[in-house]
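So that the names make sense, note that chain A is the first sequence line, chain B the second, and so on, each numbered from 1.
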Amino acid sequence: MPELPEVETIVRGLRAAVSKRKIMSVRLGKTDFIVEPAALAERLPGSRIAAVERYGKFISLTLEPAGGTPRFYFMIHLGMTGQIIPRASSAPIVPHTHVFLELDDGRELRYTDIRRFGQMFLLPESGIAQFRTKLGTDPLDITSREFVKRFRSRRARIKALLVDQRVLRGMGNIYADESLWRARIHPEKIAATLKPAQLIALHRAVRRVLEDAIRLKGSSISDFLDAEGRRGEYQLHHRVYGRAGKSCSRCKTTIRRIVVAGRGSYFCPRCQASPRPASRRQPKR
DNA sequence: AGCTCTTCCTGAAAGC
DNA sequence: TGCTTTCAGGAAGAGC
């Protein structure tokens, strides 16, 4: 599933591969994940890709139409299984490819999404500010101070907050679990009960995990491919995610999986002490 | 404020 | 063996 490191990897690849290219035409397959498919088909042709940026888990293509028409943004969220890869127009079409952007150099930027949990929409320049207010700070930009401030008064479980895009934009399930393991914090711990030192440790862990993952071009569990169609390698370094039943690399205890905030959450029961000790029992009368 | 449940979707894996 | 059921989850919305 594409989270911050995967999206960052794709954005870097796209920036190198399609910057300055002009979109010549648009072909669409299924469109139920596109906010206004007609607007997309109408406005993309003729515009040039002026910039490629990441905003949380969103890919933002800045498009410049010909003839002085104001620039606008083509926003893409990959959901669970989205892939966006430039290919030669003659390349075979993989199943579930639903958007084809013909470029001025004989290639097509193709969007493939098996489950169609992805999202696409256009934003005018004036809509960007509004869009941004819905999302929290980028975890790679946030200062330690700000990080502590954001969590210390929240009564929600830390895992739920880490994957909440309004708190930190770009974090997802894999990197939340990996960061919590690193900081030795149980996913069900109430954020407000964490000591400042623990929050600082968590901030450091988040940065470290994300930076390492970006360096290895993300995690490919099943579907993730970068803009060159290559798999990432960070999945080989996961300490807890997807490792239920295997042993903790730090203490050899068996990794467990529980559901927190509706997501599978992996942790080491020994390194990450439970907020509710299992041994405590209620006396009967 | 924050929790659970539901919906969207497909393919892989488990169950019978 | 082969069909059926369950599960995975990012985000949004309902209801409590």
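When each of dC3(B), dT10(B), dA8(C) is scored by its nearest atom to the side-chain atoms of Ala160(A), the top-ranked nucleotide is dC3(B).
One atom, CG of Asp164(A), and another, C1' of dC3(B), lie 13 Å apart when rounded to the nearest Å. Distance Leu161(A) CG to dC3(B) C1': 12 Å, rounded to the nearest Å. When the P atom of dC3(B) is taken as reference, atom CD1 of Ile258(A) falls 13 Å away, rounded to whole Å. With rounding to whole Å, Asp113(A) atom CG is found 17 Å from dG9(C) atom P. In this structure, the CD1 atom of Ile114(A) is 16 Å from the P atom of dG9(C), given to the nearest Å. Across the protein-nucleic acid pair, Phe151(A) atom CZ and dG2(B) atom P stand 12 Å apart, rounded to whole Å.
Salt-bridge check for Arg215(A) with Asp212(A): passed, with a basic side-chain N closer than 4.0 Å to an acidic carboxylate O. Using a cut-off of 4.0 Å between Lys/Arg side-chain N and Asp/Glu carboxylate O, Arg54(A) and Asp138(A) are scored as salt-bridged.
Evaluation of the ring-ring contact (aromatic ring centres under 6.0 Å, His included) rule for Tyr111(A) yields Phe33(A) as partners, not counting sequence neighbours.
In this model, a side-chain donor or acceptor of Arg115(A) finds a partner on the base of dA8(C) within 3.5 Å.
Using a 4.0 Å heavy-atom distance criterion, Tyr175(A) is classed as making no nucleic acid contact. At the heavy-atom level, Arg166(A) lies nowhere under 4.0 Å from the strands shown.
Between the Glu8(A) side chain and the Ile214(A) main chain, no donor and acceptor come within less than 3.5 Å of each other. Side chain of Ser220(A) to backbone of Gly232(A): a donor-acceptor contact under 3.5 angstrom is found.
Classification of the His238(A)-Tyr241(A) ring pair by plane angle, with boundaries at 30° and 60°, yields perpendicular.
Applying the 4.0 Å criterion to OP1 and OP2 of dC8(B), one finds that Lys30(A) has every side-chain N and O outside that range. The phosphate of dC9(B) (OP1 or OP2) has no side-chain N or O of His96(A) nearer than 4.0 angstrom.
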Could you encode protein contacts along nucleotides 10-16 of chain C as a string, one character per nucleotide from 5' to 3', using B for base contact, S for sugar-phosphate-only contact and - for no contact, with a heavy-atom cut-off of under 4.0 Å?
BS-----
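Between Phe131(A) and Tyr73(A), the ring center distance fails the sub-6.0 Å criterion.
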